[in-house]
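The structure under discussion appears below in the form of structure tokens.
As a basis for the values below, the full set of heavy atoms in this structure was taken, side chains included, without hydrogen atoms, waters or symmetry mates. Predicted model, so just to flag it, every value in this text is computed and none were measured.
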Amino acid sequence: MSSPAPTTTGSPATIVADYFGQAIDELESWKAKFADDLAAARARGPVTTDILDALVAPYALRTFDALDLPVYGSGFIAALDSLADASSHLAWWQGADRAQLVLAAQSVNKEAIDYSELEWYRVPYQTGEAHVAGPYVDYLCSDEYTITIASPVFLDGEFVGVAGLDLLIDQVERHLTPRLAPYGADISIVNGVGRVLLSTSPHRETGDSIRGAELDALTRTACPGMALEVVSG
């Protein structure tokens with residue numbers, strides 16, 4: 001049986017790229033000015049977590065209102081060992097009340113966590129490019145299935161951290177699934193390792209893996225500007 005004619009403008013890959021692309025564009029729009037602010041703070045003396053928080057707050061808080069997306073959290077994650085008083089730090093605001101995240105209050109030693117191998121930090125650091133990371137359970141911040149969009153920040157060639165924002169998977173599903181549904185009942189968004197972000201198919205769930213012969217048998221379309229693909233049966 002043929003699929004119903006699409007009622008949404010563009011292709012599924014374009015819809016996905018536009019959706020996550022606006023998050024990347026927002027981060028890119030403020031990270032250069034933030035880098036200038038950070039450079040000025042460094043010129044005045046050692047940068048501590050409190051100083052960084054004060055610099056990040058205006059940019060993080062504006063991100064909630066700047067996008068037609070269900071932004072759950074936003075902020076900046078400092079490069080490891082780049083601050084005067086902590087080896088790692090998340091200057092981060094989240095939730096409906098946009099409260100600042102205080103990791104030390106959540107669990108012992110979370111304030112000193114090594115996030116160097118986490119996808120949202122590692123990939124922008126290694127590639128110098130923005131990245132859509134996930135899906136994953138965000139045990140640091142929300143304890144929810146999450147997608148993090150992160151963009152690297154450099155200061156005179158030095159990597160100083162990533163600007164980022166979080167989207168909760170269940171909210172993204174409510175936004176994107178109706179836009180993709182007109183294109184068929186087996187449309188899935190997968191990341192670079194074949195893990196499903198969301199799907200119109202009742203047989204695929206967020207977090208499922210599509211790999212090997214199964215993935216090769218599907219029609220695959222890259223989403224421009226990000227390491228995501230739309231696959232269909």
Side-chain angles (χ1 to χ4, degrees), residues 8 10 12-31 56-57 59-77 90-101 103 115 118-124 127 129-153 161-181 187-200 204-208 222-231:
T8 307
T14 299
I15 292 168
V16 173
D18 288 348
Y19 185 83
F20 293 113
Q22 62 178 301
I24 294 173
D25 289 346
E26 168 60 19
L27 298 176
E28 297 286 343
S29 75
W30 62 256
K31 71 177 191 179
V56 174
Y59 299 107
L61 294 173
R62 91 170 200 185
T63 300
F64 286 92
D65 297 318
L67 295 167
D68 183 24
L69 291 175
V71 177
Y72 178 80
S74 179
F76 176 80
I77 300 91
L90 283 75
W92 198 260
W93 286 257
Q94 67 177 29
D97 56 355
R98 305 178 185 183
Q100 185 174 1
L101 179 68
L103 291 177
Y115 39 70
L118 298 181
E119 181 186 359
W120 47 258
Y121 181 91
R122 172 179 50 83
V123 175
T127 66
E129 302 290 340
H131 182 66
V132 180
Y136 69 101
V137 178
D138 184 6
Y139 292 113
L140 276 179
C141 300
S142 66
D143 290 325
E144 300 280 353
Y145 236 149
T146 302
I147 295 171
T148 298
I149 294 90
S151 184
V153 179
V162 296
L165 64 86
D166 280 347
L167 305 172
L168 301 186
I169 285 285
D170 63 343
Q171 295 175 335
V172 174
E173 285 180 324
R174 286 195 287 270
H175 268 207
L176 269 182
T177 303
R179 303 181 195 182
L180 297 174
I187 301 289
S188 301
I189 306 170
V190 300
N191 64 17
V193 294
R195 193 167 299 281
V196 174
L197 273 71
L198 61 86
S199 180
T200 64
R204 300 194 194 278
E205 297 182 355
T206 297
D208 286 351
C223 299
M226 57 199 66
L228 298 176
E229 290 185 326
V230 172
V231 300

Discussion item. Counting only heavy atoms from other residues, nucleotides and ligands, does the tally under 6.0 Å from CD of E205 exceed 12?
Written reply: no
Worksheet item: For the residue pair A163 and V153, what are the closest heavy atoms and their distance?
Response: N-CG2, 3.9 Å
Practice prompt. Determine the sole option in I189, V16, T148, I147 for which the side chain to side chain contact (heavy atoms under 4.5 Å, CB included) test with V132 is passed.
Written response: I147
Item to complete: Evaluate side-chain contact (heavy atoms from CB on, under 4.5 Å) for F20 paired with V172, printing each intermediate quantity in order.
Response: CA-CA 10 Å; F20 293 113; V172 174; 4.2 Å; yes
Response to the item:
Distance col, row Q171:CD vs T146:OG1, nearest 0.5 angstrom, shows 9.5 Å
Worksheet, complete the sentence: What one should report as the nearest heavy-atom pair of L67 and A23 is CD1-CA, 4.1 Å
Worksheet item: Do V230 and C223 touch side chain to side chain, with heavy atoms closer than 4.5 Å?
Response: yes
Practice prompt. Flag the pair L176 / I15 as yes when at least one side-chain heavy-atom distance between them is below 4.5 Å, and no otherwise.
Written response: yes
Worksheet entry | Non-hydrogen side-chain atoms of D65 and R98 separated by less than 4.5 Å | yes
Worksheet entry | Rounded distance [0.5 Å steps], CD1 in I149 versus CH2 in W120 | 13.0 Å
Discussion item. To the closest 0.5 Å, what do you measure between CG (L140) and CG (L101)?
Written reply: 8.0 Å
Discussion item. Given 3.5 Å as the limit, does a donor-acceptor pair link the side chain of T200 with the main chain of I187, or not?
Written reply: yes
Worksheet item: Of all heavy-atom pairs between P70 and L167, which one has the smallest distance, and what is that distance?
Response: O-CD2, 3.6 Å
Worksheet item: At their closest point, which heavy atom of G95 faces which heavy atom of F64, and how far apart are they?
Response: O-CE2, 4.3 Å
Worksheet entry | Working for side chain to side chain donor-acceptor pair (under 3.5 Å), residues Q94 and S142 | CA-CA 8 Å; Q94 67 177 29; S142 66; 5.9 Å; no
Discussion item. In the structure I gave you, are the side-chain heavy atoms of W30 and T63 within less than 4.5 Å of one another anywhere?
Written reply: yes
Discussion item. Rounded to the nearest 0.5 Å, what separates atom CG in L27 from atom OG in S74?
Written reply: 6.5 Å
Practice prompt. Kindly determine whether S199 and D208 satisfy side-chain contact (heavy atoms from CB on, under 4.5 Å), including the steps that lead there.
Written response: CA-CA 10 Å; S199 180; D208 286 351; over 6 Å; no
Fill in: Min side-chain heavy-atom separation L168-D166 under 4.5 Å
no
Worksheet item: Side-chain contact, heavy-atom cut-off 4.5 Å: Y19 with L69?
Response: yes
Discussion item. Return the CG to CD distance between L197 and E229, rounded to the nearest 0.5 Å.
Written reply: 12.0 Å
Discussion item. Looking at G134, is its backbone amide N or carbonyl O close enough to the side chain of N191 to form a donor-acceptor pair, meaning the two atoms are under 3.5 Å apart?
Written reply: yes
Discussion item. So which atom in I24 and which in G225 form the shortest heavy-atom distance, rounded to 0.1 Å?
Written reply: CD1-O, 4.4 Å
Worksheet item: Is W92 close to I77 at the side-chain level, that is, under 4.5 Å between some pair of heavy atoms?
Response: yes
Worksheet, complete the sentence: Taking every heavy atom of A130 against every heavy atom of E28, the minimum-distance pair comes out as CB-OE2, 3.9 Å
Fill in: Pairwise distance OG(S151) to NE2(H131) - rounded to 0.5 angstrom
12.0 Å
Worksheet entry | Validation row: P152, K31 side chains within 4.5 angstrom (heavy atoms) | yes
